[in-house]
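Below is one structure; the comments refer to it alone.
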Amino acid sequence: MTAEIIDGKAFAARLHQRIAAQVAAFAAAAGRAPGLAVVLVGDDPASAVYVRNKHKATVAAGMASFAHRLPADLPRHDLLALVDRLNADVAVDGILVQLPLPDHIDARVVTTRIDPDKDVDGFTPENAGRLATGLHGFVPCTPLGCLMLLKDRLGDLTGMDAVVIGRSNIVGKPMAHLLLRESCTVTVAHSKTRDLPDVVRRADIVVAAVGRAEMVRGDWIKPGAIVIDVGINRTEAGLVGDVDLAGALGVAGAITPVPGGVGPMTIAVLLRNTLVSACRREGVPYDKEAL
Ligand code: NDP
């Protein structure tokens, strides 16, 4: 068996097109473009690249991008004051504070300060609670992007056995809640899980979000399983995921590559969430099915 490669880049490109069409319709109805504010504190090179890519994609979709680049020694209260201003700014529909923040600033305090209705990253406790309790809210971009790829490939996920490896608030936990919402039987594995290979072998769906290069081996995977590799690991051989792609190719039914799988989905979903926020705030209808 040779697994199908799930082309996240192509899927994200199609989503970008549908978003851009709805952004134009929103702008015509509301008399303004949806606005996304991105806050970068410090000079972490990877974060700078992410922020630049988000800015480019926002502008390409026809949205307004408000970039705030701030020094690493910014006092915490100044950052909170900026979040307060963005919360109150009517032109801003989405607020994203790029993580990680410098050590002297507690990311949880900053995240919690963001208006939940502008929290397009879905990181506030309010939105985590909405997801956990089945209310409408914003869902973190990476897991929502993973779910879109899964539904595109599988359609109905009801009754499937899903294993999520990783329990972070950003990826693992929201991914587990999304899969539960789709009526999967969900197992969340983490660093203390006993016999991880055996746990993974039970899964029809594997989502790996660990941050350890090629940890998930081909012989851990149930034949025909769908594997979503969230990991981004920089190695001497280049960028690799959490799954041994070469080993998994012979066993899995389909797998996302790294790069070109989950990564491109994250920014596309960020723009989707920003558009949805703008539509909700202005009372402009949008085509949910297309997003
Ligand atoms: P975190 O470091 O916050 O979480 C990693 C999780 O993996 C933890 O729950 C940890 O368990 C678990 N873990 C660590 N070692 C093992 C092990 N040996 N066996 C089983 N589980 C283990 O990472 P994130 O969730 O933020 O990110 C995960 C990966 O996804 C990273 O590579 C990151 O770069 C990537 N990523 C990619 C994105 C994209 O756009 N494609 C977006 C976000 C992240 P424990 O809780 O017990 O410590």
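Position 1 is the first residue of the sequence, and the numbers go up from there. Side-chain atoms are counted along with the backbone in the values below, which use heavy atoms only and exclude waters and symmetry mates. None of the values given here were measured: they were computed from a predicted structure.
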When you compare the side chain of Ile5 with that of Leu249, does any pair of heavy atoms fall below 4.5 Å? yes
Hits for salt bridge (Lys or Arg N to Asp or Glu O under 4.0 Å) against Asp287, two or more places apart or cross-chain, chain-then-number order -> none
Donor-acceptor pair, side chain of Lys118 and main chain of Asn87, under 3.5 angstrom: yes
List the residues meeting salt bridge (Lys or Arg N to Asp or Glu O under 4.0 Å) with Asp198, not counting sequence neighbours, and say none if there are none. Arg201
Donor on one side chain, acceptor on other, Asn233 and Thr235, under 3.5 Å: no
Does the pair Asp106/Arg108 count as a salt bridge with the N-to-O cut at 4.0 Å? yes
For Leu74, is there any backbone N or O sitting under 3.5 Å from a side-chain donor or acceptor partner on His104? yes
If we ignore hydrogens and angles and just use 3.5 Å, is the side chain of Ser168 paired with the main-chain N or O of Val171 as donor and acceptor? yes
Between Arg130 (side chain) and Leu135 (backbone), is there a donor-acceptor pair under 3.5 Å? no
Heavy-atom check, side chain of Asp84 versus side chain of Arg113, under 4.5 Å: yes
Can you confirm whether Val258 sits close enough to Leu245 that some side-chain heavy atom of one is under 4.5 Å from a side-chain heavy atom of the other? no
Does His16 NE2 have over 12 foreign heavy atoms under 6.0 Å away? yes
Distance-only, no hydrogens or angles: does the Arg167 side chain make a donor-acceptor pair with backbone N or O of Val164 under 3.5 Å? no
Asp89 side-chain N/O to Ala91 backbone N/O, donor-acceptor pair under 3.5 Å: yes
Identify which one of Val38, Leu96, Leu275 satisfies the side chain to side chain contact (heavy atoms under 4.5 Å, CB included) criterion when paired with Leu270. Leu96
Would Arg280 pass as a cation-pi partner of Phe138, given that its NZ or CZ must be under 6.0 Å from the six-membered ring centre and within 45 degrees of the axis? yes
Just wondering, do Asp119 and Glu126 contact through their side chains at under 4.5 Å, heavy atoms? no
Got a donor-acceptor contact below 3.5 angstrom from the Asn127 side chain to the Pro116 backbone? yes
Find out whether His68 and Leu40 are in side-chain contact, i.e. whether some heavy atom of one side chain is under 4.5 Å from a heavy atom of the other. no
Salt bridge between Asp117 and Arg281, side-chain N to carboxylate O under 4.0 Å? no
Got a salt bridge between Arg32 and Asp93, using NZ or NE/NH1/NH2 to carboxylate O under 4.0 Å? yes
Is any NZ, NE, NH1 or NH2 atom of the basic residue among Asp161 and Arg202 found under 4.0 Å from an Asp or Glu carboxylate oxygen of the other? no
Would you say that more than 12 heavy atoms from the other residues, nucleotides or ligands in this model lie under 6.0 Å from the CZ of Arg76, or not? no
Check: Pro34 and Val23 side chains under 4.5 Å, non-hydrogen atoms: yes
Heavy-atom check, side chain of Asp229 versus side chain of Pro257, under 4.5 Å: no
Looking only at atom types and distance, does a side-chain atom of Lys288 sit under 3.5 Å from a main-chain N or O of Val276, one as donor and one as acceptor? no
When you measure from the side chain of Thr58 to the backbone N and O of Lys54, does any donor-acceptor pair fall under 3.5 Å? yes
State which residue, out of Ile114, Val109, Thr112, Val39, fulfils the side chain to side chain contact (heavy atoms under 4.5 Å, CB included) condition with Val83. Ile114
Under 3.5 Å, which donor-acceptor pairs do the side chains of residues 140-154 form with other protein atoms, sequence neighbours left out?
unit_1	atom_1	unit_2	atom_2	d
Thr142	OG1	Thr266	OG1	3.0
Lys151	NZ	Glu182	OE1	3.3
Lys151	NZ	Glu182	OE2	3.4
Arg153	NE	Glu4	OE1	2.6
Arg153	NH2	Glu4	OE1	3.1

Is there side-chain contact between Ile165 and Met215, with heavy atoms separated by less than 4.5 Å? yes
Looking at Asp242 and Arg212, does any basic side-chain N land under 4.0 Å from a carboxylate oxygen? no
Verify side-chain contact (heavy atoms from CB on, under 4.5 Å) between Thr187 and Val199, making sure each step is shown before the conclusion. CA-CA 8 Å; Thr187 303; Val199 172; 3.9 Å; yes
